[in-house]
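These notes concern the structure reproduced below.
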Amino acid sequence: MLVKQIQAALMALTDAGLCSKATLQLDEVLVEVWGEGGSEELVLPILVEGDPFVDAQLLLSEELAPPVLPDPILAVLVAWLEEADGPGYASLQNYYVNSRWRGRSETSSMVYVPKQRLFQLTLHRYAQVIFRTIPSENGQVDQALATRDLSPAEKTMFGLSLWNLWMKLPEDFRVIFADGGHADAQDAALVVVADERHDDGPFIDYMFREVARRGLLRDEESLANFAADPLSFVRRILATDYAAQTTADQALVREQLIWKMTHILATDQDSTSRNCWEVVREVYRILRAARLLRTRVSLHLLQKNIQETIDRKEARKQAESTSNRHSRLKDFWPQFHNSSRLGTPLDVKSFTSSDVVLPALVPSPLSKGSKSLKDLEWKTRGARSHCSAGSWNWLPALKEPPLTVKDAIAKSASTSRINHPDPKLVVAKDACGLGSYVRDKKEIFPKLIPDSSAMAPTTLLPSIQDSPKESALLYKGKFQRPWEIGQLASQSLSTKQYLSACNREGLLPSTDPFVTGHSDCINAKAQGLSDRDLLAICEMLEMGSPVRELDLEGNASISERAFLHLFAYFADSKEPKEPKVSGGRGRNLQKLSLAGCPNVVQDEAFAGLIQLLGSNSMQNLQSLNLAGLALGVNWQVPLCKAIRNHGSLKILSLADTGLGTRCSGDEDDNTMVCLVELLSSRSILHLDLSWNCFGALGFDFLGQKLIELGTLEKLDLAHCSTLSKKSPWSSSMVHLLEHLGENTSLQLLNISGNYLDFRAGLLLEDSLEYNTVLTEMDVSHNGLGNLGIRSLLRLLARKTSGLQYFHFENCSKGTVVGARTDMQIFRASRPHGRYKLDLAQPYDRTLLRMLYKTAERLNVSLDQTFRDMTSSPAYSHASKNSAGIFSIPQFGMLEVTFTMDKVLEDRAMAMGSSDPLDFSAVLMCHANLLRILPGRSKQVALLAQWRRMEGRREEQSIMIDALSKDFRLSFAQMAVMCQDRAQIWDVMASLQCTPMESPLQAFLGKRLIPNSCDYVRMLQRSARQYAINADNPTGHYSLDMSNPIDYGVADSLAILDNWEGALRSREGRMDTSQLGNNSHARNVQHANCPLPCSLTDWILAESDVLVLDYSSSRRPKGEAIKDTQFEMIMSAMLQFARSPARCRLQALLQISHTIHVTCLQLRQIVDLFKEETSRCDAFTLFYNRMVDVQNEKVVRMRLGEDASASMLCRLGYTASFPYLQPEQIHLHLSFKNFDERLLVSSLLKLSSKESPSNIKDPLFTSGDGVVDPLTLGVPKSWEQMSNVPKHGVFETEYVCRADQRSFKVRKDLTEQMGSWDLSEFAEEDIYFYNFTSKLPSDVLMLATWMIATCGEHSAAFAQMRQDKDPEAQMSSREFEDGCKRLGFAKFKGPGEQQRFQSVFRFIDVRSEGKISMKDWDSLRYVEQDLELCIRETVIFSQRLFGDLASSWAALSDGAAMMTQEEWQEAWETLGYFGPVTQVFTYLDKDGIGSCSSAAFQQLAKYVVPSPSMKDLEQA
C-alpha cells in the first residue's frame, strides 16, 4: 500500500508537467523486510527525468550556477510527506547525476537527452508520532506535537533516559525537532542529552538502544526487566565473550552508582537545567557540522584523486595505449614480413666473419658488447614464431654449387645453430629448424618442396615473388612496403634505412612507435640495446627523423664509441643527408635520459656530452637524467658548469652520481663548487640529488643557497645524509632543515631515508611553521618515532603552515625515550621545565625557538615565562629577523626555566574560575592554551591525511597516539575519523582523554561506535579514565604508558603537580615533598626503577609501567554532606555490595569532588570494603575531603597497623602525619627521603615542648648497617633538619600523657606541615582515641564485658569497690575479687590469676600496686570505640532491614542462635565489613561463643531515629 501511494504521487508529478518521467526503483525484498519490522530504515531511490527548470538552468549556466530555488519537485515531495501520517518519519535527499547514455536511435538523430535527478527517500521507523516545525509570521518556529500517546513498544525507540526526560518536561517543551528533510535533526531528536540528569549513563543508554534494536524490548514488562537488571540483557548480546561480560558488568555498576549519587547530591545545587529545545538545537548543530566536514574531506580527497587521474591521463597520452599498439603492429607486421624478403639475401660471412664492416666509430674486431651469430635475437623463440620465422631472408646464397633441396634437407640438422667446423667447406644448415618437419609433412606442404630440376633456389624457403600469383598480388598493392602506406609514408627514407641496417647487421627490428613512424620519442628504457641497435637507430636519425625525447636508461651494454656517434649526430657539425631539416638536429630534443649507462662516463664520451650540453642544438632541452652514473671527480665541476649555463633545463636528476663527501667528514672544495654551480641555475625547477653523500657543511651551504636561489620548486634528497660530527648521533641533514623556514619556493621535498629522528621532526616543525609554500613532503624510512611524527602532525594542523600532506611510511621505529635519558625533549602540550641548551647544536637552537613561539602564542612577556636564566657567554633574548624567525646565536651554553603558571592562573580566572585549586579549570585552560585545535583551513588536510592511511594500521595507530597527546578535537572531526569502521573502537578509546568542546560532544562521540562488542572493547581499552578525578587527584596510580589513556592520566598528573608546586612556592608554604622538589607525586617508579628527577621535569616515556602515589595539597572548604544525603548514598552503595570493589571505588571517585565528609562518615565508607587495599584506597580518596581532620585517627583505627603505616607513605609522612594525635603511631623512616627527615625534626620540636621522653624506643641503623639504640636519646641537633643524617633508617613511637599535650604546638605543626586550616578549631573539638587493636586481648575482653554488664566503665569501678568514694583505690586482690563477684568467668581455668594480674598491671601505668579512678579512666577509650562500633552496626542494619527484628531474621536465617563464625559470615554476605567481632563479644556476655535473639535485642538502646520521609523526599 505504501509503495502504491508513492508511485501514485510520482505519477501526479508527471501529470502536472513537473517532469517527463519519474521512476521508483525499489527492492521488493527490502520492502517486505521493512514492512515486517526487520529493519529500521527503508531507502527508496526515485529517478526523475526531464525537469524543465533544472534542464534550462544547467544548459544556460553549464552546470556552474546554484540550483533553482525553490525547487518545484523537492517542494512538492516535502509538502506531501509532511501531510502524511504513518509509522515513522521520512527524510529526503536530493542528488544530481549526469545525462544518461543515448540509445542507438537517439544517437543517429542526435536528440537532446535531459538530465536525470536522483532522490533518495528514506523511511524511518523510530516512533509512531510525527513532530513538525511550522514557520510563523515573525520568523520564529512554532512546535506542534501530534495528539496521541506512545505505546509501550513505541517508547522503546526513545530510550529509558529520553522517555523519562520527556515525561518530566512541561507540555510546552515536549518537542523533538524532526524535520523530514534533515537527517541530522532526526538524530538530534533521538539523542540522549548528556547535560540533563538521567537514571543511567552513556553505556546503559547505548545498550538499551542495542537491545531495542534487536527486538528484545516489546512491552512494559520487558522495559521494567531491563531497568531492574540490564546486565542479563547485555549478556544475551555479548554471548560467550566472558571478558566482555565482566567489563560490561563493571561499567553498568559504575554508571548506575554514579548517576544515582549524582541525583542525590543534586538536591542542594541550584540546577539551571538547559531548555530541551536549546539542547536539541545544539545537537542538530553538532551533527550538521559533522556531516559538512565529512563532505569537505571527501571533496578534498576527490579533488586530489581527480588531479591524480588527470596526471595519469596526461602520462598515458604520452605513452602508447594497448589498442593503439595493437592497431599499429597489425598494420606494420604483415607488410614488413612480406616486403622485407624482397631484398638481396645477406652473405653468411656477415654473421661469422670477425671483420664485420661497421662505422668507424665502432672498433673492429667486434667488442664484447657486440653480438655474434649465436647470440642473434632471431634465434629466440619469438623470432621463430609466426611473426618472424621465414619473414626475413636470413640465409645467404652459396658460393659453391647449390645443393638440391633434398640434398640440403638430408645434410641439415634439426637445430637452428649454424656451425662451421671447416672454414673451407661451408655447409648450409636448416636455419629455421623446419627441414625435417617440412619433409615429414610434404603431403600437406607440396609447394614448399619444389623439384630441383624446376628451379635452383638460393634459400631453403621460397620467397613470395617465386609464385607468379602471389607476386602479382604484391605488385598490385595488396602487399606494399610499410614505408609506402599509412603513417610510415612520412618517414619512408628513415624507416627504410633502419630496416636496411637491421637486415645488414642481423638485428631483430624494434616495433617502437618511433621506428614505425607513430611517435617522435625514442623510449628504449631497459631494452638491453647493444652498439648495433643504437647504430641502427643513428642511421635512421641521419635520414632526418625528428626526436623530442630520448630515453636510453638502463642500457648498460652500449659502449663509449656508440655514445660518441650518438652525440655527434645531435651536434651542429653535420647536416642531415636528405631531406634537409630546418635547424640543428637536436634543437627539438627536450628530454634526455642516460641513467644507468655506465659507459657514458668514459672520458671521451662524457666530454662529448658536456660539449653537447653547451651547444646551441640542445637549447630546448628541459629534462636531463644522469642518475646512477659514477661521475669522476674531474668531470663533476665541468658538468655542473654546463648545467648552470644551460638556460632552459628545468628537470635535473643527478641521483647516485658520487657527488658530495666520501666519508662522514666535511665536503671538499670540489663538492662546494658543484653545489654553487647547480644552485646558481635559475631555470631548474626540479633537482634530484638523492643517494649522494653530503655532510653537515654541505647541507648547511645547500640550505643557504636555496634561500638565495628562490626558484627551485621540487628537491629530492633521499638517502643523502651522514652522521654529523657537529651533532653527535644525529643526521647531518638537520643543518639543511634549519634553513627551510626562509625558503620561499620549494613546494615538494623528499628527505626519506636520511637517519632523521625525533629531533629532525622538531626542526621541521619549527622551520616550516610559517612556510606557506611547501605543500607536500616525504619523510619515509626515517626513525622519527612517535615524537617525530607528532611534530609533523602538529605542523600539518597549524593554520600558518602550507603543508597539506606528508608520507611517513616505515617511520615508527624511532628513538625510544626512556625514563633515565638526558635528552632535552620539547613537550608541546607541557613545555614547562628546566632546559640545558648547547646553542651550537641545531636541535637545541630549535628547542629554544619553540619555547619563544610558545610564549608568543600565549601572548605573554618573555620575563614571565623565562626564569632563572644562566648562560656562558652572556645571553639576551632573541629577536626576529626580516623573515619573522627568531635569530639564535650558534655558540654558547644556556640554562633556563620555562614556566607558565602566571598565564595559567590569569586564563583560568578569565574562564570564570576564581579558585586557583580548581584543577578541572586548570587542565581545561592548559589544554586550550597548548593543545592544537585544527582550524577550518587545516582540519580538512589533517583528516585527509587520516583517510589516505586507511588499511595501514601502524601509521593509523601513530596518528591516533599523536592526536590523543597534542590535539583538541571536536565531534565532527572524530566522526570523520570513525568512518573507518574497523578502527572506530580504537579511535574512541584512545581519544577519550582528548579535551572536547563540550560534554555533549563527548557523549555523542561514544554513539559513533557501531555495535556493542566494539563499545565494550573501547571500555576495556579506556578503563583508566575512570581512575582519576581532576578535582580530587589524590590516589594510587599504576599506568601503562603505551596506552594513550594511561599516558593522558600521567600527563594530567604532571600538569597538576607542576601547578600545585608553583602555588606552594608562591605562597611560601613549606616544602613537604618526598625528595624536596615541591612535587606532590610520591614513590614514583617507571619500569620498577625510581625516576631520576621529579614527575614535572620527567619526559613521559611511552612504554612500560609508571607507578606513583599522588597527594594533593588541596584541602576542604565547606560543610560536610547532610546526613540524609549520606544515608541515601550508603543505601545506593549497598545495592551493589556484591559488585567488584574497583567499580564502587571508581563511582565514589567520580563524585568525591562534590562532597565533604566527616571522619565518622568516612569510617562507614571504609567498612563497605573487605580487602585492605580497597579500604586504604577509600581512605586515601576522601582524605582531602575531611572537614574534621583533627579526628581522623578514628578512621585510622579501622585500618590495620601495616595499612596505617602505608597511608603515611602514600600521602606523605610530613603532610599526613596526625600531629594532633600522634600517639600509638609506630614510625619506620628512611633518611634518604626529604620528608621523612623533616618529620623527625618536627617530632623533636614537639617533644621539646611536651616532654623529651615522649619519643619511645628510638633505634637508628646507619647507612652502613651499624645499629645504634640511642640510649642517651635522640640527638637534640636533629631539631635542625640540616643536621639529620641523609642515610640510614630510624624507628620510634611517640607517646604522651594527656596532661603533657601542647595543643598550640600540635596545631601549628598541622597547619604548617599539612596545610590544614584549623583557625576555627579549639582543643575541645578534638576527640582523642586510642587504637584498641593494640590493647592486650585480655584487657579488651574484660573491658568489653564490663561495659556490656555495667553500662559504663565508671559504674563497673564503683560496683567492684562497693563504695562511692571517688578517691578510693583498688588493689590487685580487690580487682580480681570484684570481677568474679560481678560474674566475669572468661578467665576461668589454668592461668586465671596470671591473666588478672596482667590486666591489672596494664591499668596501673604508674606501677604503684593500686589503681585509682584516674587510672581506671584509661578504659574509656575502649568504651568509646565499642559504643561507636555498635552504633555503626545498628545503623547498617537499619539501612538494610529497618528494625532489629528484621535484621536478626535476615542474619540468622530464622535460627535462634548464631556462632561467631556464622555471625561474621552473615555480615560479610550483606556487604558490611565493620567491627562486627567487637559487637559479638559485647553480646556474648557468658563467653559461650554464641549469640541469641534476646541478646541481639540489647542493641535497641543504640538505635538511631530514621530520617523523616520529608527529609528523604527532599533528598
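Model, not experiment: these values are computed from the prediction. Residue numbers start at 1 and run along the sequence shown.
A donor-acceptor pair under 3.5 Å is formed between the side chain of Glu1311 and the backbone N or O of Leu1318. For Arg1210 (side chain) and Gly1035 (main-chain N/O), no donor-acceptor pair under 3.5 Å exists by modelled atom type. Judged purely by atom type and a 3.5 angstrom limit, Arg1082 uses its side chain to pair as donor or acceptor with the backbone of Cys1209. With hydrogens and angles ignored, the 3.5 Å screen pairs no side-chain donor or acceptor of Asn1032 with any backbone N or O of Ser1152.
Taking the side-chain contact (heavy atoms from CB on, under 4.5 Å) definition, one finds that Ala1030 meets it with Ser920, Leu923, sequence neighbours left out. Under the rule for a side-chain contact (heavy atoms from CB on, under 4.5 Å), the partners of Ser1112 that lie at least two apart in sequence or sit in another chain are Phe919, Pro1033, Thr1034, Glu1060, Tyr1110, Arg1114, Asn1184. For the ring pair (Phe, Tyr, Trp, His ring centres under 6.0 Å) test, residues two or more places apart in sequence or in another chain that qualify with Phe1217 are Tyr1219.
Ring centroid separation for the pair Phe898 and Tyr835 does not come in under the 6.0 Å cut-off. Side-chain rings of Trp1098 and His1086 approach one another, their centers coming within less than 6.0 Å.
Note on Arg1420 versus Asp1417: salt bridge recorded, some NZ/NE/NH1/NH2 to OD/OE distance being below 4.0 Å. Classification of Asp1040 and Arg1024 as a salt-bridged pair fails, no side-chain N sitting under 4.0 Å from a carboxylate O. Under 4.0 Å is where a charged nitrogen must lie from a carboxylate oxygen, and between Glu1171 and Arg1175 no such pair does. Using a cutoff of 4.0 Å between basic side-chain nitrogens and carboxylate oxygens, Arg830 and Asp1051 are scored as salt-bridged. In this structure, Glu1432 pairs ionically with Arg1163, as a charged nitrogen and a carboxylate oxygen lie closer than 4.0 Å.
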Thr1158 and Val1187: CA distance, side-chain angles, deciding distance, side-chain contact (heavy atoms from CB on, under 4.5 Å) verdict: CA-CA 6 Å; Thr1158 64; Val1187 296; 4.0 Å; yes
side-chain contact (heavy atoms from CB on, under 4.5 Å) assessment of Leu1243 paired with Leu1227: CA-CA 11 Å; Leu1243 287 179; Leu1227 296 176; 3.2 Å; yes
Asp1097 and Ser1094: CA distance, side-chain angles, deciding distance, side chain to side chain donor-acceptor pair (under 3.5 Å) verdict: CA-CA 5 Å; Asp1097 297 331; Ser1094 66; 3.3 Å; yes
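Across all their heavy atoms, Asp1031 and Asp918 have their closest contact at OD1-OD1, 3.5 Å. The minimum heavy-atom distance between Pro1222 and Arg1306, with the atom names listed, is CD-NH1, 3.2 Å.
Met900 places a side-chain heavy atom less than 4.5 Å from the side chain of Pro831.
Using modelled atom types and a 3.5 Å distance limit, the side chains of Thr1096 and Asp1057 yield a donor-acceptor pair. Between Asn1254 and Ser1247, the side chains place no donor N or O within less than 3.5 Å of an acceptor N or O (distance only, hydrogens not considered). Residues Gln1190 and Asp1325 bring no donor and acceptor atom of their side chains to less than 3.5 Å of each other. No hydrogens or angles considered: nothing links the side chains of Asp1257 and Thr1292 as a donor-acceptor pair under 3.5 Å.
Ring planes of Phe1290 and Phe1231: parallel class, angle under 30° (limits at 30 and 60°).
Across Asp868, Thr897, Thr899, a single residue satisfies side chain to side chain donor-acceptor pair (under 3.5 Å) together with Arg834, and that is Thr897.
Residue Leu1199 holds its CG atom at 6.5 Å from OG of Ser1204, rounded to the nearest 0.5 Å.
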